[in-house]
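Written out below as structure tokens is the structure these notes cover.
Chain naming here is simple, since letters A, B, ... match the order of the sequence lines and numbering starts at 1 in each. All values derive from a computational prediction rather than experimental measurement.
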2 protein chains.
Amino acid sequence: MKPISPPGRATLKDIARTVGVDVSTVSKVLNDGGISVRPQTRQAIIDEASRVNYRPHALARNLRTQRTGALGILLPDLTNPIYAETVHGAMRQAERSGYVMLIAEVADERTSAAAYMRLVSERRIDGLIIAVSAETSEMIAAIENNPVPHVFVNRRSSIGRSVTVDDQASGRLAAQTLIEAGHRRLGFIGALPELDTSRRRRHGFVEVCQAAGLPAVVEIAGPVSRRGGYDALHRLLDEAQRPTGVFAFNMLVGIGALAAARVRGVRVPDDLSVVTLDGEDAIFTAPPLTAIITPLAEMGARAVVELEAMIQGREPQDVVINIPPKLVYRESVAPPPR
Amino acid sequence: MKPISPPGRATLKDIARTVGVDVSTVSKVLNDGGISVRPQTRQAIIDEASRVNYRPHALARNLRTQRTGALGILLPDLTNPIYAETVHGAMRQAERSGYVMLIAEVADERTSAAAYMRLVSERRIDGLIIAVSAETSEMIAAIENNPVPHVFVNRRSSIGRSVTVDDQASGRLAAQTLIEAGHRRLGFIGALPELDTSRRRRHGFVEVCQAAGLPAVVEIAGPVSRRGGYDALHRLLDEAQRPTGVFAFNMLVGIGALAAARVRGVRVPDDLSVVTLDGEDAIFTAPPLTAIITPLAEMGARAVVELEAMIQGREPQDVVINIPPKLVYRESVAPPPR
DNA sequence: AATGATCGCTCAAACGATTGCTTGAACAAA
DNA sequence: TTTGTTCAAGCAATCGTTTGAGCGATCATT
């Protein structure tokens with residue numbers, strides 16, 4: 001026997017009809033709308049709603065309330081674990097609050113404005129997390145002409161507020177770790193073009209080195225990729241005063257550095273110590289990389305919390321997540337060769 | 001000077017008013033609705049639409065047309081690269097067709113029915129990709145009571161059609177690779193509980209071994225995790241007729257096996273050869289794992305294509321992606337010890 | 001000149017909810 | 001009995017589209 005009305009597809013009207021009241025009454029009861037309803041009417045409505053397994057039609061509700069219950073996130077590439085984890089954290093928080101997340105991959109920065117418009121103007125998302133470098137003029141124009149609550153994550157921008165971590169502290173921690181292991185000549189492999197996060201990590205790193213009275217840090221930068229790390233380490237190893245301990249901007253760069261060391265016959269950690277960042281997964285490198293863990297999921301979640309507040313009308317504000325960077329000791333750091 | 005009407009928020013009514021026609025005319029012009037309109041009227045409408053940067057309000061349109069232009073995907077965990085890549089492929093294809101993807105992470109299988117209902121009954125997605133094991137009775141009931149075009153990806157199910165690859169061919173390829181390297185005693189580490197994909201890979205693997213007249217393959221299974229692979233390899237190494245070459249169900253299992261070999265003092269590949277699967281990222285294991293590449297992104301994309309066809313009314317059908325499995329030679333396979 | 005066809009557009013009803021404004025009845029106070 | 005309140009619920013507009021039906025005006029046909 002087929003159910004008369006397919007469960008889950010019932011509308012307010014259906015419920016109203018069988019209970020014998022107006023749809024507005026049903027709506028008010030089901031939404032706890034401040035209205036007085038006789039207990040028996042209320043109960044009848046609730047019973048009928050659960051009998052037919054009523055689910056509000058999100059489209060209709062959203063059209064009326066002018067809110068979609070959807071948040072967007074703009075990111076370069078979901079297969080990059082850094083972004084996957086950020087999204088992961090954002091989605092957990094979004095789900096708690098009843099939001100869904102619309103993900104837009106923006107492989108090419110030049111299309112980010114178009115992606116923005118699609119999410120904001122057409123899909124009418126309630127808020128947006130931006131995890132791409134967004135400072136193109138089209139993007140700025142898009143945001144200004146079609147403002148929507150938005151927050152940057154793990155990067156700063158002149159056109160909005162950010163959720164970040166204390167990158168400088170990460171840099172300091174990396175330097176301390178290497179210095180404590182006994183290293184006296186340190187190197188830093190950063191991002192080129194220099195990202196805000198890279199600059200802050202570098203500052204923290206250099207600060208500690210100088211405070212410890214160490215000779216100048218060798219600073220090298222390359223594209224944020226394995227290739228970039230690979231090439232950068234080669235150049236580092238060509239330095240006259242070759243460092244014995246290096247801090248790589250992130251995991252990709254660190255992995256590339258490891259590969260370069262291998263082809264040069266430089267043993268890690270015997271000849272060279274390496275500290276990297278973002279490396280939850282770096283445990284499977286050879287050797288496993290000692291890494292500073294960035295709370296990416298927390299950043300994603302916090303970004304959603306910020307968006308919710310902004311949607312409620314609170315002023316945007318910068319957030320620095322106050323989780324001290326955590327170092328995971330693995331096998332890529334040892335005392336320097338003597 | 002502020003723009004009079006915030007660009008991008010203009011409605012059909014706005015355009016209709018300034019051009020001096022009815023909204024229905026505007027709608028028909030902008031949608032190429034089969035209607036005859038004077039060229040100058042048409043042009044005026046188009047001009048005005050682009051002047052105010054008109055974007056259709058997706059909610060309103062969808063409410064009316066009863067289609068949301070959204071597809072869903074149910075998966076266990078986005079931070080698992082296997083799923084991230086599948087989603088990646090699906091999103092690329094979805095974007096081409098103007099769909100957005102709603103991702104639902106279902107950490108606990110028991111909540112998958114609830115996630116289904118939220119996407120299908122409330123958000124009213126047009127189609128769903130299922131990448132979780134979905135055979136719980138609640139899930140079956142949810143699908144039956146609220147049917148929506150759906151397709152499983154990389155797994156088979158009694159309650160729908162699938163997009164898969166030729167897993168048996170992967171198993172055959174793994175066996176051939178080890179046999180060609182000179183191995184005569186082979187092992188297989190599968191999934192427990194046995195997944196459909198695991199079974200097929202095992203069949204292909206065993207088939208080739210038997211055809212080559214090799215002694216019985218040692219078959220071991222464990223949970224699909226690094227721990228599972230770790231424990232399984234330990235048990236394999238305890239066998240009287242210890243294999244010299246093993247095929248691990250997937251990358252996680254392979255990585256666990258590598259770890260077990262290391263603690264046992266079994267050198268890879270000198271003492272033991274390992275072939276794994278899904279291992280785009282396995283290049284950074286120690287040693288880098290020789291792996292069979294699964295076209296996950298293609299599977300995701302193809303799933304979307306299937307959904308589109310089903311939404312158009314075509315009958316669901318099983319799809320086996322006909323890309324022959326590809327082996328990437330790295331450093332975990334060598335001739336057996338003598 | 002009457003008829004019919006075509007053109008170019010308008011009308012109005014949806015889609016499924018939300019929400020401010022009425023309203024009829026019951027009841028209390030005067 | 002009249003008046004004023006409160007209760008319980010209904011009415012109707014609205015969100016921004018889409019879409020079939022309708023309808024004057026023009027033009028061709030007989």
| request: Using only heavy-atom distances, decide whether a donor-acceptor pair under 3.5 angstrom links the side-chain of B/Arg61 to the base of D/dT18. | output: no
| query | Got more than 12 heavy atoms from elsewhere within 6.0 Å of CG, B/Asn322? | reply | no
| message | Quick check for you: among D/dC15, C/dC15, D/dT17, whose closest atom lies nearest to any side-chain atom of B/His57? | response | D/dT17
| remark: By salt bridge (Lys or Arg N to Asp or Glu O under 4.0 Å), B/Arg61 pairs with (sequence neighbours left out) none
| said: If I take atom CZ in residue B/Arg55 and atom P in nucleotide D/dC15, what distance separates them, rounded to the nearest angstrom? | reply: 22 Å
Return the polar atom pairs (N/O with N/O) between nucleotides 26-28 of chain D and the protein under 3.5 Å, or none.
none

| query | What bend angle does the helix from C/dA1-D/dT30 to C/dA30-D/dT1 show across its length, from five-pair end axes and to the nearest 10 degrees? | reply | 70°
| remark: Applying salt bridge (Lys or Arg N to Asp or Glu O under 4.0 Å) to B/Arg17 and not counting sequence neighbours gives B/Asp14
Polar atom pairs between nucleotides 9-12 of chain D and protein, under 3.5 Å, N or O only, would you list them?
{"unit_1": "D/dA9", "atom_1": "OP1", "unit_2": "A/Arg38", "atom_2": "NE", "d": "3.2"}
{"unit_1": "D/dA9", "atom_1": "OP1", "unit_2": "A/Arg38", "atom_2": "NH2", "d": "2.8"}
{"unit_1": "D/dA9", "atom_1": "OP1", "unit_2": "A/Thr41", "atom_2": "OG1", "d": "2.4"}
{"unit_1": "D/dA9", "atom_1": "OP2", "unit_2": "A/Arg38", "atom_2": "N", "d": "2.7"}
{"unit_1": "D/dG10", "atom_1": "OP1", "unit_2": "A/Asp22", "atom_2": "N", "d": "3.2"}
{"unit_1": "D/dG10", "atom_1": "OP2", "unit_2": "A/Asp22", "atom_2": "N", "d": "2.5"}
{"unit_1": "D/dG10", "atom_1": "OP2", "unit_2": "A/Thr25", "atom_2": "OG1", "d": "2.6"}
{"unit_1": "D/dG10", "atom_1": "O6", "unit_2": "A/Lys28", "atom_2": "NZ", "d": "2.8"}
{"unit_1": "D/dC11", "atom_1": "N4", "unit_2": "A/Ser24", "atom_2": "OG", "d": "2.9"}

| task | Whole angstrom is fine here: how far is it from CG in B/Leu59 over to C1' in C/dG16? | result | 12 Å
| Set of side-chain contact (heavy atoms from CB on, under 4.5 Å) partners for B/Glu298, sequence neighbours left out | B/Pro295, B/Ile321, B/Ile323
| message | Distance criterion of 3.5 Å, no angle test: do you see the side chain of A/Arg64 paired donor-to-acceptor with the base of C/dT18? | response | yes
| field | Contacts of type side chain to side chain donor-acceptor pair (under 3.5 Å), residue B/Arg92, not counting sequence neighbours | value | none
| message | Which residues pass the side chain to side chain donor-acceptor pair (under 3.5 Å) test with B/Thr41, not counting sequence neighbours? | response | none
| task | Kindly write out the residues that satisfy side-chain contact (heavy atoms from CB on, under 4.5 Å) with A/Thr164, not counting sequence neighbours, or none if the list is empty. | result | A/Arg156, A/Ser162, A/Val320
| message | Restricting to salt bridge (Lys or Arg N to Asp or Glu O under 4.0 Å), what partner residues turn up for A/Glu138, sequence neighbours left out? | response | none
| said: Could you work out, with salt bridge (Lys or Arg N to Asp or Glu O under 4.0 Å) as the rule, every residue matching A/Arg64, not counting sequence neighbours? | reply: none
| What pairs with B/Pro147 under side-chain contact (heavy atoms from CB on, under 4.5 Å), at least two apart in sequence or on another chain? | none
